[in-house]
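Structure record follows, encoded as structure tokens.
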Number of protein chains: 2
Amino acid sequence: MDEQTLTAALARAESLCAERGVRLTAQRRRVLELVCRAERPVGAYEILDQVRDGGKAAPPTVYRALDWLLAQGLVHKLETLHAYIGCTHPEHPHASQFLICSGCGCVAELEDAAIAGSLQSAAEETGFQPSRPVVEVLGTCSDCSDKRRNDR
Amino acid sequence: MDEQTLTAALARAESLCAERGVRLTAQRRRVLELVCRAERPVGAYEILDQVRDGGKAAPPTVYRALDWLLAQGLVHKLETLHAYIGCTHPEHPHASQFLICSGCGCVAELEDAAIAGSLQSAAEETGFQPSRPVVEVLGTCSDCSDKRRNDR
DNA sequence: TCAAAGACGTAACTGTATAACGATCGCATT
DNA sequence: AATGCGATCGTTATACAGTTACGTCTTTGA
Ligand SMILES: [Zn+2]
Ligand SMILES: [Zn+2]
Ligand SMILES: [Zn+2]
Ligand SMILES: [Zn+2]
């Protein structure tokens, strides 16, 4: 995320939290910034290392901030990578899907109605009530596919 | 999994491995049995504890067996739970989806063509080539929903 | 029979996440 | 200003998950 987008994202987070009457504290803001600044998903301990520069910190500091940011929908957790990524549209809560490239590590966040619908239908058939759908597709992005093709 | 189903599943695994010309060794068979015998997904260290009874074992023992069983499609890993579960139809390789109940911990394995299709379509739109789709829906199973309803 | 590959034992280690407890901060009420 | 209370934070320790590295033994096929 470039500097300009980052500034905008943080400003948006500020105003969202103000609207909701919740406190985006310095710690939380810092962790959010670190997550968003990264081009790729970042692990909790990577964040911890950066938070440690210029201040003491321990795992719970980071995990508490991440848990709160997750609850606010400002970041997402990628279960398959044990890593975190900034949400691209935190205004409204949503069940998103992720395309994760094993080649370059890039991640695309989708909000695909067809996927959500098919999951909902499958769940309904068995009387299952979904609360948190986790959809993470590992594979190869188009850039990485192209590179491979050129290499041959 | 009841005793009868378990015996059948192990026999099926035996014959599958024979067909494939791979070796279902005693260790692997034991881990498979422990995973299948459990009614719920089991963690690697739970398995380790059980393997330790009557024999020495360390983490690599269990992880090697699990990796092999995963490669053979005899068990699945649930990324959101860091736990393992026996496959309900290991005859053919497949991309399955899981409905995981947060109430009782039960898991249903689906093989839903509509879900797989919508994932494939969404990926194709962006030129992404899926290799391993992970679909795990957390929620409440019908039994647990019923219980809650009755409690009110 | 004799290498080569596969499977296993063992020790140490890295990485991910949580429990528990006390101190502190922000804010409303007295 | 002082009090009280819930939310937040610091700190230590620990639980849980997974890997690296290396040596030994077993199976298998030439
Ligand atoms: Zn999002
Ligand atoms: Zn890529
Ligand atoms: Zn399966
Ligand atoms: Zn249930």
Side-chain angles (χ1 to χ4, degrees), chain A residues 13-14 17-18 20-32 34-35 38 40-72 74-85 105 132 134 136 138, chain B residues 13-14 17-18 20-32 34-35 38 40-72 74-85 102 105 134 136 138:
Chain A
E14 291 277 11
C17 291
R20 294 175 188 171
V22 295
R23 294 168 51 197
L24 182 61
T25 63
Q27 293 272 21
R28 291 165 181 170
R29 196 191 146 94
R30 188 153 181 220
V31 170
L32 177 59
L34 290 170
V35 170
R40 320 226 161 291
V42 285
Y45 278 66
E46 282 181 73
I47 297 170
L48 179 56
D49 285 342
Q50 295 188 257
V51 170
R52 272 183 170 137
D53 284 0
K56 292 180 180 178
T61 300
V62 169
Y63 281 104
R64 279 195 281 242
L66 286 173
D67 287 346
W68 187 89
L69 292 168
L70 285 168
Q72 294 299 324
L74 295 170
V75 305
H76 294 294
K77 176 174 186 181
L78 298 176
E79 298 286 347
T80 53
L81 301 181
H82 304 283
Y84 304 81
I85 190 173
R132 187 166 86 91
V134 173
E136 302 178 12
L138 306 181
Chain B
E14 291 276 12
C17 291
R20 294 175 187 171
V22 295
R23 293 165 52 194
L24 182 60
T25 64
Q27 293 272 22
R28 291 165 182 170
R29 197 191 146 95
R30 187 152 181 220
V31 170
L32 177 59
L34 290 170
V35 170
R40 323 224 159 291
V42 285
Y45 277 62
E46 281 181 71
I47 297 170
L48 179 55
D49 285 342
Q50 296 188 256
V51 171
R52 273 182 170 138
D53 285 359
K56 292 180 180 179
T61 301
V62 169
Y63 282 104
R64 280 195 282 240
L66 285 172
D67 287 346
W68 187 88
L69 292 168
L70 286 168
Q72 294 299 324
L74 294 170
V75 306
H76 293 293
K77 176 174 185 181
L78 298 176
E79 297 288 347
T80 53
L81 302 181
H82 304 285
Y84 303 82
I85 190 174
S102 311
V134 172
E136 301 177 13
L138 305 181

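Throughout, a chain's letter reflects where its sequence line sits, starting with A, and its residues are numbered from 1.
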*Tell me, please, which residues at least two apart from A:Gln50 pass side-chain hydrogen bond (donor to acceptor under 3.5 Å, both in side chains).*
none
*Atom pair CD/CD of B:Glu79 and A:Glu136 - distance to nearest 0.5 Å*: 8.0 Å
*Taking A:Arg52 for its side chain and A:Ala57 for its backbone only, find out whether a donor-acceptor pair lies under 3.5 Å.*
yes
Any protein N or O atoms within reach of nucleotides 5-7 of chain C? Criterion: under 3.5 Å, listing atom names and distances.
residue, atom, partner, partner atom, Å
C:dA7, OP1, B:Arg28, NH1, 3.1
C:dA7, OP1, B:Arg28, NH2, 3.3
C:dA7, OP2, B:Arg28, NH2, 3.4
C:dA7, O5', B:Arg28, NH2, 3.1

*Would B:Arg40 and B:Glu46 pass as an ion pair if we require N to O under 4.0 Å?*
no
_N/O (side chain, A:His82) to phosphate O (OP1/OP2, C:dG15) under 4.0 Å_ = no
*Quick one: side chain to side chain contact (heavy atoms under 4.5 Å, CB included) partners of A:Ala44, sequence neighbours excluded?*
A:Val62, A:Tyr63, A:Leu66, A:Tyr84
*Roughly how many Å is it from CD in B:Glu79 to C1' in C:dA17, rounded to a whole number?*
16 Å
_Results of side-chain hydrogen bond (donor to acceptor under 3.5 Å, both in side chains) for A:Arg29 - residues two or more places apart only_ = A:Glu14
_Nucleotide interval of DNA chain D bounded by contacts with chain A (heavy-atom cut-off, under 4.0 Å)_ = D:dT8 to D:dT12
_Spacing of NZ belonging to B:Lys77 relative to OG1 belonging to A:Thr80, to within rounding of 0.5 Å_ = 10.0 Å
*Tell me whether the OP1 or OP2 atom of C:dA17 has a side-chain N or O from A:Lys77 closer than 4.0 Å.*
yes
*Whichever of A:Leu81 and B:Ala57 has its nearest DNA chain C nucleotide further upstream toward 5'*: B:Ala57
*Just how far is it from atom CG of B:Leu69 to atom CG of B:Leu24, taken to the nearest 0.5 Å?*
7.0 Å
Distances under 3.5 Å between nitrogen or oxygen atoms of protein and nucleotides 18-21 of chain C:
none

*Work out which heavy atom in A:Arg30 is nearest to a heavy atom in A:Asp53; give both atom names and the distance.*
NH2-O, 3.2 Å
*Nearest 0.5 Å please: distance from the OG1 atom of B:Thr61 over to the CD1 atom of B:Ile47.*
12.0 Å
